[in-house]
**Student:** 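One structure, as structure tokens, below. Some questions next.
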Amino acid sequence: MYSANSLMSLSWSLNTETDLSGYNLYRAEIKSGPFAKVNADPIAAGVGSFTDEGLKIGWKYYYQLRAVDSAMNESAPTDTMAMVTPGML
């Protein structure tokens, strides 16, 4: 059994495209996916960070970020990044 009270702080370099509307962040528990969108609405274009909450302690998660343009089209995903939540069980 795993406790779901950890969080992960992620940050990235801001996209400079003129039609950028924001970002969508995706998470998976295995590198090959499936990836599920973490944010309900796009993360604002001028924001280069997100705190993902309610995660399992000491668990590896995989993330991908996609830029969203003003027509709500998503870019291809970034390279997959692996991160482990802090703490021990």
Side-chain angles (χ1 to χ4, degrees):
M1 185 169 153
Y2 295 95
S3 176
N5 61 0
S6 191
L7 55 85
M8 185 75 65
S9 294
L10 301 108
S11 61
W12 55 87
S13 298
L14 296 176
N15 185 312
T16 58
E17 296 290 324
T18 58
D19 67 341
L20 180 69
S21 177
Y23 304 94
N24 285 329
L25 183 65
Y26 291 83
R27 178 185 66 229
E29 291 191 7
I30 58 173
K31 188 174 183 177
S32 60
F35 284 82
K37 189 164 68 166
V38 174
N39 51 297
D41 296 313
I43 300 162
V47 176
S49 64
F50 185 86
T51 301
D52 192 11
E53 300 179 7
L55 304 174
K56 299 172 188 172
I57 293 173
W59 198 262
K60 184 182 275 188
Y61 290 95
Y62 298 89
Y63 290 92
Q64 295 177 344
L65 187 70
R66 295 176 184 225
V68 180
D69 68 15
S70 56
M72 299 309 286
N73 298 309
E74 284 190 327
S75 69
T78 59
D79 290 338
T80 302
M81 177 187 291
M83 298 182 74
V84 177
T85 55
M88 296 175 54
L89 295 176

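We number each residue from 1, following the sequence as shown. What you see is a predicted model, and the numbers here were worked out from it, not measured in a lab.
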**Student:** Could you give all pairs that pass the side-chain hydrogen bond (donor to acceptor under 3.5 Å, both in side chains) test and reach residues 35-50, with sequence neighbours left out?
**Tutor:** Asn24-Asn39
**Student:** Verify the cluster assignment for Leu55 and Val84: are they in a single hydrophobic cluster under the rule of side-chain heavy atoms below 4.5 Å apart?
**Tutor:** no
**Student:** Linking I/L/V/M/F/W/Y whenever any side-chain heavy atoms sit under 4.5 Å apart, do Trp12 and Tyr61 land together?
**Tutor:** yes
**Student:** If every non-hydrogen atom of Gly58 is compared with every non-hydrogen atom of Thr85, which pair is closest and at what distance?
**Tutor:** N-OG1, 2.9 Å
**Student:** So which heavy atom on Asn15 is nearest to which on Ala67, and how close?
**Tutor:** ND2-CB, 3.7 Å
**Student:** Asp52 and Tyr63: side-chain donor and acceptor closer than 3.5 Å?
**Tutor:** yes
**Student:** Is there a path from Val38 to Met81 through hydrophobic residues (I, L, V, M, F, W, Y) whose side chains come within less than 4.5 Å of each other?
**Tutor:** yes
**Student:** Tell me whether Met83 shares a hydrophobic cluster with Ile43, the cluster being built from Ile, Leu, Val, Met, Phe, Trp, Tyr side chains joined at under 4.5 Å.
**Tutor:** yes
**Student:** Would you sort out whether Arg27 and Met8 count as a side-chain contact (heavy atoms from CB on, under 4.5 Å), showing the intermediate values?
**Tutor:** CA-CA 11 Å; Arg27 178 185 66 229; Met8 185 75 65; over 6 Å; no
**Student:** Any chance you could measure Leu65, atom CG, to Leu10, atom CG, to the nearest 0.5 Å?
**Tutor:** 9.0 Å
**Student:** Walk me through whether Phe50 and Tyr23 qualify under side-chain contact (heavy atoms from CB on, under 4.5 Å).
**Tutor:** CA-CA 10 Å; Phe50 185 86; Tyr23 304 94; over 6 Å; no
**Student:** Just to verify, what does Thr80 make a side chain to side chain contact (heavy atoms under 4.5 Å, CB included) with, not counting sequence neighbours?
**Tutor:** Lys31, Phe35, Tyr62, Gln64
**Student:** Working to the nearest 0.5 Å, report the span between CG of Asp19 and CG of Asp69.
**Tutor:** 4.5 Å
**Student:** Is there a path of hydrophobic side-chain contacts, each under 4.5 Å between heavy atoms of I, L, V, M, F, W or Y residues, that connects Leu25 with Leu14?
**Tutor:** yes
